[in-house]
Chemist: 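Take this structure, written in structure tokens, and hold onto it; I'll ask about it next.
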Amino acid sequence: MSSETRKAFPFPDFEPRWQARWETEKTYRAPNPGDPEFDASKPKFYALDMFPYPSGDGLHVGHPEGYTATDIISRARRKQGFNVLHPMGWDAFGLPAEQYAIKTGQHPRVTTERNVARFTGQLKRLGFAYDWDREVNTTDPGYFKWTQWIFLQIYNSWCHPVTGRAEPISSYTGPDPDSVRLAYVAEVPVNWCPGLGTVLANEEVIDGKSEVGGFPVERRPMKQWMLRITAFADRLADELEPLDWPAGIKARQRDWIGRSEGAEVVFQTGRADSNERTPVTVFTTRPDTLFGATYMVLAPEHPLVASITTPAQRAAVEAYQKETSSKSDLDRGVAKTKSGVDTGAIAINPVNGEAIPVWIADYVMMGYGTGAIMAVPAHDERDSEFAAQFGLAVREVVVPTATETSSGCFAGEGVAVNSSFLNGLATAEAKSKITAWLEEKGLGQKTVNYKLRDWLFARQRYWGEPFPIVWENGKHRALDETELPVLPPSLDDFKPTGTPEPPLSKATDWVRYSETATRELNTMPQWAGSCWYYLRYCDARNPQRFVSREAERYWMSGGSQRPETDATSRGGVDLYVGGTEHAVLHLLYARFWHKVLFDLGHVSTSEPFHKLVNQGLILGEDGQKMSKSRGNVVNPDSVIEEFGADSLRLFEMFMGPLEQVKPWSTKGVEGVYRFLGRVWRLVMTENQEGEWEPSSKLSATAELASKPRKVLHETIKKVTEDISSLSFNTAIAQMMVCTNELTGLEARPVTAVATLLHLLNPFAPHLTEELYERLTASWPEAAPAGQLALQPWPQWDESALIESEVEVVVQVNGKLRDRITMAADADHAAHEAAALASPKVLEHTAGQTIRKVIVIPRKLVNIVAN
RNA sequence: GCUCGGGUGGCGGAAUCGGUAGACGCGCACGUUUGAGGGGCGUGUGGUUAACUCCGUGCGGGUUCGAGUCCCGCCCCGAGCACCA
């Protein structure tokens with residue numbers, strides 16, 4: 001094996017060997033409560049990766065970044081005495097598989113299985129300590145049976161208006177249960193994408209194009225399944241607060257929910273030449289500016305436009321409506337200048353009886369609020385711009401308080417003026433006074449509005465979960481639990497029909513459920529399976545329930561004690577690592593489902609993910625985003641081939657902070673590879689035959705001198721703490737320091753080397769197990785037999801960290817002038833005396849008066865002189 | 001425009017209850033080992049200077065004995081949102 005391909009250490013030999021051993025021995029199997037091996041005295045730790053969509057491209061180097069992070073902390077926690085749940089699975093339904101199937105004619109199940117096999121092989125080659133017995137696959141009937149079951153829970157529930165919680169539909173006493181279900185059918189304007197042959201959620205439409213494929217998307221009304229996520233809007237926003245999530249992700253979720261408090265105000269509208277009046281309700285967050293409303297604007301699609309428009313304006317109004325309807329939301333959004341048309345109608349301001357003109361304009365959206373606004377150009381920038389453009393009146397009704405400066409349109413808070421009974425009130429008081437006044441007169445009320453819309457839950461696809469729903473006499477009805485799972489029909493032709501009719505309609509036998517009933521033809525969106533997979537991992541093979549109560553309670557709500565996160569812990573997954581691309585969609589949907597399940601008593605926590613961390617994108621070596629077209633994609637397989645899995649793992653953690661965006665560097669991989677080579681040679685040496693044997697410098701009897709002992713214990717401390725704070729890059733740096741220190745010793749104590757291997761084990765599991773096994777073979781007393789992964793984590797000795805002498809910095813006027821050595825227990829006076837005696841200090845203070853001496857014992861002395 | 005990140009050597013990054021700026025790694029240079037290459041090992045490496053010095057954490061102020069770190073005002077880069085009334 002001394003060929004030119006010879007490696008610095010024989011990883012091509014030992015990496016597969018250890019991987020095979022872990023697999024056959026099930027080293028990382030996590031027993032559940034009730035299992036014989038389960039130890040209830042241990043605390044639990046649940047580390048979750050966002051499971052991948054098994055694409056045809058295989059793993060890229062971005063995947064192992066987050067996976068390695070969770071793997072390291074999982075391995076460390078296991079050694080620290082936790083029961084660790086660290087699973088992996090496949091989010092395998094979805095458009096790409098189906099698109100590929102349509103293109104190649106292969107059934108998506110076939111390509112999915114092939115892709116899963118490829119991903120699995122790649123993940124195993126990276127040495128992740130997953131409990132593969134808990135692997136889940138969203139396309140597995142044993143899995144989606146429960147996705148359908150959860151849908152039934154949602155379907156059979158409603159949100160009680162008083163408690164704000166999901167309850168069984170049986171507690172609803174009103175006339176029409178179908179009108180309040182959390183899953184309901186509605187005729188709504190949807191994002192129909194002809195290119196994909198399906199409707200899409202708002203979230204899946206980016207700038208008027210489909211997120212997948214970039215096809216144009218048009219609005220059209222269709223009958224669709226919706227989930228009533230808006231009923232949970234407040235809880236989804238409020239309960240973010242205690243979660244240990246990045247502030248940016250919380251902000252994005254809050255923005256997406258878009259809660260805004262204000263009031264609805266009713267204006268009577270009609271023609272100036274007639275007494276006929278129609279009420280129009282507007283929404284405003286600034287009811288205190290009601291006296292400043294100088295015109296009203298309706299969205300062009302507003303249903304009352306046609307009836308109130310005067311004959312003289314009709315042609316212009318209709319032309320404008322036509323123009324806006326042909327514009328995409330994107331065009332509407334980027335328009336540089338405001339546009340609009342006067343309807344000729346008037347609205348009566350309920351607060352002062354004033355008649356103001358009613359316009360239509362595309363800066364008012366039908367989809368938000370009531371689709372109508374009162375325009376206050378003095379205090380709203382959009383209204384101000386519009387008024388300026390069309391010469392509409394402006395009336396100031398709020399003046400800034402003295403400290404604020406007003407320039408042009410003042411949209412801030414201040415004091416009300418020109419507002420009758422509101423005059424002199426601060427904005428907040430004016431708001432509540434006018435709102436109370438409106439409510440008293442029946443002219444309006446306090447209202448909360450959300451940007452969040454109900455979740456469009458149906459897709460016209462083949463490769464997704466069928467709904468457990470049939471239609472009979474024009475009404476939908478849930479199938480019984482015993483009929484689950486509802487399997488998709490086997491179809492040879494799963495192409496979109498080209499019309500909104502889903503491809504499942506082609507399976508005529510399947511569609512016919514009974515003499516009188518037919519099956520729902522839509523399938524669920526890809527998000528469905530990922531809404532609850534973290535629960536299935538707790539009890540992945542349970543045929544009776546989606547997760548057993550015991551397993552759920554143990555893994556999701558704390559088990560016994562918890563690690564250092566106690567104070568803020570509310571239960572749930574202890575650490576969830578994934579990319580920011582799921583900041584709103586997946587994380588919001590999963591939280592919604594979890595809350596429904598919580599309200600119905602199926603799970604024990606109200607939030608699923610206690611701590612969330614986003615790993616940063618890995619860029620190509622050129623600093624650009626990796627992409628095939630740029631040719632800068634790094635393939636993990638070839639990195640493993642050349643440097644080994646441990647090097648890849650270590651490098652991805654050494655590149656920089658986990659959350660940060662950072663560029664790939666082949667030289668950097670070589671660097672950590674060299675480091676692992678040094679660790680290897682710390683233990684092993686090459687004999688004359690070119691074979692590796694334990695180094696003669698190793699010694700079971702040698703004592704560690706105080707300096708290397710200090711370094712070793714500093715390393716234990718830093719690595720332990722850095723793993724908890726996910727600061728893997730600095731942990732690795734410290735292990736490099738320690739390795740260099742131990743390498744420099746003439747006699748290397750086996751216990752010290754073993755300690756280093758323990759610390760490095762979560763990062764480089766193959767190399768460390770291999771070396772440790774060799775240590776065990778020669779020095780069983782110093783290195784007790786057994787896998788490192790299953791042995792306890794080292795403890796540091798505080799006393800080893802204390803030095804008898806310390807170096808103290810001496811500054812004159814804040815500038816570094818000298819360094820002196822002091823006894824560790826030297827007092828203030830001793831520091832001062834020693835510093836003042838320094839020749840360098842004397843030199844720099846010559847001819848000056850010493851004003852002050854600042855002493856930080858063991859650190860620094862600063863002499864102030866002039 | 002708004003929100004969230006972030007600006008530190010040639011490069012990735014350390015160090016923020018204010019206290020030695022640049023840990024660790026890459027690169028580079030020199031030395032050593034080797035028949036040579038590769039690899040290994042060792043030393044050095046912010047700028048400036050012969051040296052002493054002086055200057056250095058995006059820019060400008062401020063607080064302090066002392067500021068990468070705190071405060072005020074800007075600039076630049078990245079990500080997200082974007083007429084949400």
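Throughout, a chain's letter reflects where its sequence line sits, starting with A, and its residues are numbered from 1. Keep in mind the model is a prediction, meaning the values are calculated, not measured.
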Chemist: Distance-only criterion, 3.5 Å: show the donor-acceptor pairs between side-chain atoms of residues 808-817 of chain A and protein atoms not counting sequence neighbours.
Modeler:
| unit_1 | atom_1 | unit_2 | atom_2 | d |
| --- | --- | --- | --- | --- |
| A/N813 | OD1 | A/A865 | N | 3.0 |
| A/N813 | ND2 | A/A865 | O | 3.0 |
| A/R817 | NH1 | A/H844 | NE2 | 3.3 |

Chemist: Between C1' on B/G25 and CG on A/L650, what's the gap in Å once rounded to a whole number?
Modeler: 11 Å
Chemist: Just checking A/S260: base, sugar-phosphate only, or nothing, at a heavy-atom cut-off of under 4.0 Å?
Modeler: sugar-phosphate
Chemist: Which word best sums up how the rings of A/Y589 and A/W455 line up, parallel for under 30°, tilted for 30 to 60°, or perpendicular for over 60°?
Modeler: parallel
Chemist: B/G80 P sits how many Å from A/L585 CG, rounded?
Modeler: 13 Å
Chemist: Starting at atom CD1 of A/I732, determine the distance to atom C1' of B/C24, rounded to an integer number of angstrom.
Modeler: 10 Å
Chemist: Could you tell me whether the side chain of A/V61 reaches within less than 4.5 Å of the side chain of A/M626, counting heavy atoms only?
Modeler: yes
Chemist: Quickly work out the A/F283 CZ to B/C83 C1' distance and round it to whole Å.
Modeler: 15 Å
Chemist: Just to verify, what does A/T230 make a side chain to side chain contact (heavy atoms under 4.5 Å, CB included) with, not counting sequence neighbours?
Modeler: A/R228, A/L452, A/D454
Chemist: Return the value, rounded to whole Å, for the distance between atom CZ of A/R254 and atom P of B/C81.
Modeler: 17 Å
Chemist: Could you list the residues that satisfy side chain to side chain contact (heavy atoms under 4.5 Å, CB included) with A/T743, not counting sequence neighbours?
Modeler: A/L682, A/T739, A/R748
Chemist: Taking the ring of A/Y295 and the ring of A/F386, is the distance between their centroids below 6.0 Å?
Modeler: yes
Chemist: Give me each pair satisfying salt bridge (Lys or Arg N to Asp or Glu O under 4.0 Å) with a member in residues 669-683 of chain A, each pair once, sequence neighbours excluded.
Modeler: A/K667-A/E670
Chemist: Quick test of your reading: applying salt bridge (Lys or Arg N to Asp or Glu O under 4.0 Å), list the pairs with at least one residue in residues 840-861 of chain A, sequence neighbours left out, ordered by first then second residue.
Modeler: none
Chemist: Does the side-chain hydrogen bond (donor to acceptor under 3.5 Å, both in side chains) test come out yes or no for A/D362 and A/T324, once each step is laid out?
Modeler: CA-CA 7 Å; A/D362 68 2; A/T324 42; over 6 Å; no
Chemist: Between N or O atoms, less than 3.5 Å apart, protein on one side and nucleotides 53-55 of chain B on the other: list the pairs.
Modeler:
| unit_1 | atom_1 | unit_2 | atom_2 | d |
| --- | --- | --- | --- | --- |
| B/C54 | OP1 | A/R817 | NH2 | 3.2 |
| B/C54 | OP2 | A/R817 | NH1 | 3.4 |

Chemist: How far, in whole Å, is B/C41 from B/C26 if one measures between their P atoms?
Modeler: 10 Å
Chemist: For B/A85 versus B/C74, give the span between their C1' atoms, rounded off to a whole number of Å.
Modeler: 32 Å
Chemist: In whole angstrom, give me the gap between the C1' atoms of B/G13 and B/G80.
Modeler: 25 Å
Chemist: Is the phosphate of B/G19 approached by A/K859 (side-chain N or O, under 4.0 Å from OP1 or OP2)?
Modeler: no
Chemist: Expressed as a whole number of Å, how far does the P atom of B/U33 sit from that of B/C24?
Modeler: 27 Å
Chemist: Answer with base, sugar-phosphate or nothing: what part of the nucleic acid does A/K451 contact at a heavy-atom distance below 4.0 Å?
Modeler: base
Chemist: Take the protein atom CH2 of A/W664 and the nucleotide atom C1' of B/C26, then report the distance between them rounded to whole Å.
Modeler: 14 Å
Chemist: In this structure, how many angstroms lie between the P atom of B/U64 and the CD1 atom of A/I863, rounded?
Modeler: 21 Å
Chemist: Could you check, using the six-membered ring where one of them is a Trp, whether A/F651 and A/Y673 have ring centers closer than 6.0 angstrom?
Modeler: no
Chemist: Please give the distance between the P atoms of B/G9 and B/G58 as a whole number of Å.
Modeler: 8 Å
Chemist: Report, as yes or no, whether the 6.0 Å neighbourhood of atom NZ on A/K446 holds more than 12 heavy atoms from other residues, nucleotides or ligands.
Modeler: no
Chemist: Listed by chain and number, what are the side-chain hydrogen bond (donor to acceptor under 3.5 Å, both in side chains) partners of A/N349, not counting sequence neighbours?
Modeler: none
Chemist: Please state the P separation for the pair B/G46 and B/C52 - nearest whole angstrom.
Modeler: 14 Å
Chemist: Tell me, for nucleotides 2-17 of chain B in 5' to 3' order, what letter each nucleotide earns: B for a base near a protein heavy atom under 4.0 Å, S for only sugar-phosphate near one, - for neither?
Modeler: --S-------BSS---
Chemist: Which nucleotide wins on minimum distance to the side chain of A/Q811, given the candidates B/C83, B/C26, B/G19?
Modeler: B/G19
Chemist: A/G671 near the nucleic acid: base, sugar-phosphate alone, or nothing, with a heavy-atom cut-off under 4.0 Å?
Modeler: sugar-phosphate
Chemist: Pick the nucleotide of RNA chain B nearest each of A/T284 and A/E807; which residue has the one closer to the 5' end?
Modeler: A/E807
Chemist: Mind checking A/N740 for me? I need base, sugar-phosphate or nothing, with any heavy atom below 4.0 Å counting as a touch.
Modeler: sugar-phosphate
Chemist: Taking NZ, NE, NH1 and NH2 as the nitrogens, is one of them in A/K431 or A/E261 under 4.0 Å from a carboxylate oxygen of the other?
Modeler: no
Chemist: Taking syn as any angle within 90 degrees of 0 and anti as the rest, which one fits B/G9?
Modeler: syn
Chemist: What is the distance, rounded to the nearest whole Å, between atom CE of A/M374 and atom P of B/A85?
Modeler: 13 Å
Chemist: Got a list of protein N/O to nucleotides 38-41 of chain B N/O distances below 3.5 Å?
Modeler:
| unit_1 | atom_1 | unit_2 | atom_2 | d |
| --- | --- | --- | --- | --- |
| B/G40 | O3' | A/R681 | NH2 | 3.0 |
| B/C41 | OP1 | A/R681 | NH2 | 3.1 |

Chemist: Which of these nucleotides, B/C65, B/C24, B/C26, is closest to any side-chain atom of A/K852?
Modeler: B/C65
Chemist: Using a heavy-atom cut-off of 4.0 Å across all strands, would you classify A/E381 as base, sugar-phosphate, or nothing?
Modeler: nothing
Chemist: Looking only at atom C1', what distance separates B/U57 and B/A15, rounded to whole Å?
Modeler: 11 Å
Chemist: Under a 3.5 Å cut-off on both pairing distances, which runs of 3 or more consecutive Watson-Crick or G-U pairs involve RNA chain B?
Modeler: B:1-7 with B:75-81, B:10-12 with B:24-26, B:27-33 with B:39-45, B:58-62 with B:70-74
Chemist: If we take the C1' atom in both B/G78 and B/G73, what is their distance in whole Å?
Modeler: 23 Å
Chemist: Under the side-chain hydrogen bond (donor to acceptor under 3.5 Å, both in side chains) test, which residues partner A/K697, sequence neighbours left out?
Modeler: none
Chemist: Under 4.0 Å, heavy atoms only, any strand: does A/V809 hit a base, just the sugar-phosphate, or nothing?
Modeler: base
Chemist: Could you check whether A/E413 pairs with A/R286 (Lys NZ or Arg NE/NH1/NH2 to Asp/Glu carboxylate O, under 4.0 Å)?
Modeler: no
Chemist: Scan for salt bridge (Lys or Arg N to Asp or Glu O under 4.0 Å) pairs involving residues 720-739 of chain A, sequence neighbours excluded, and state none if there are none.
Modeler: A/K717-A/E721, A/K718-A/D722
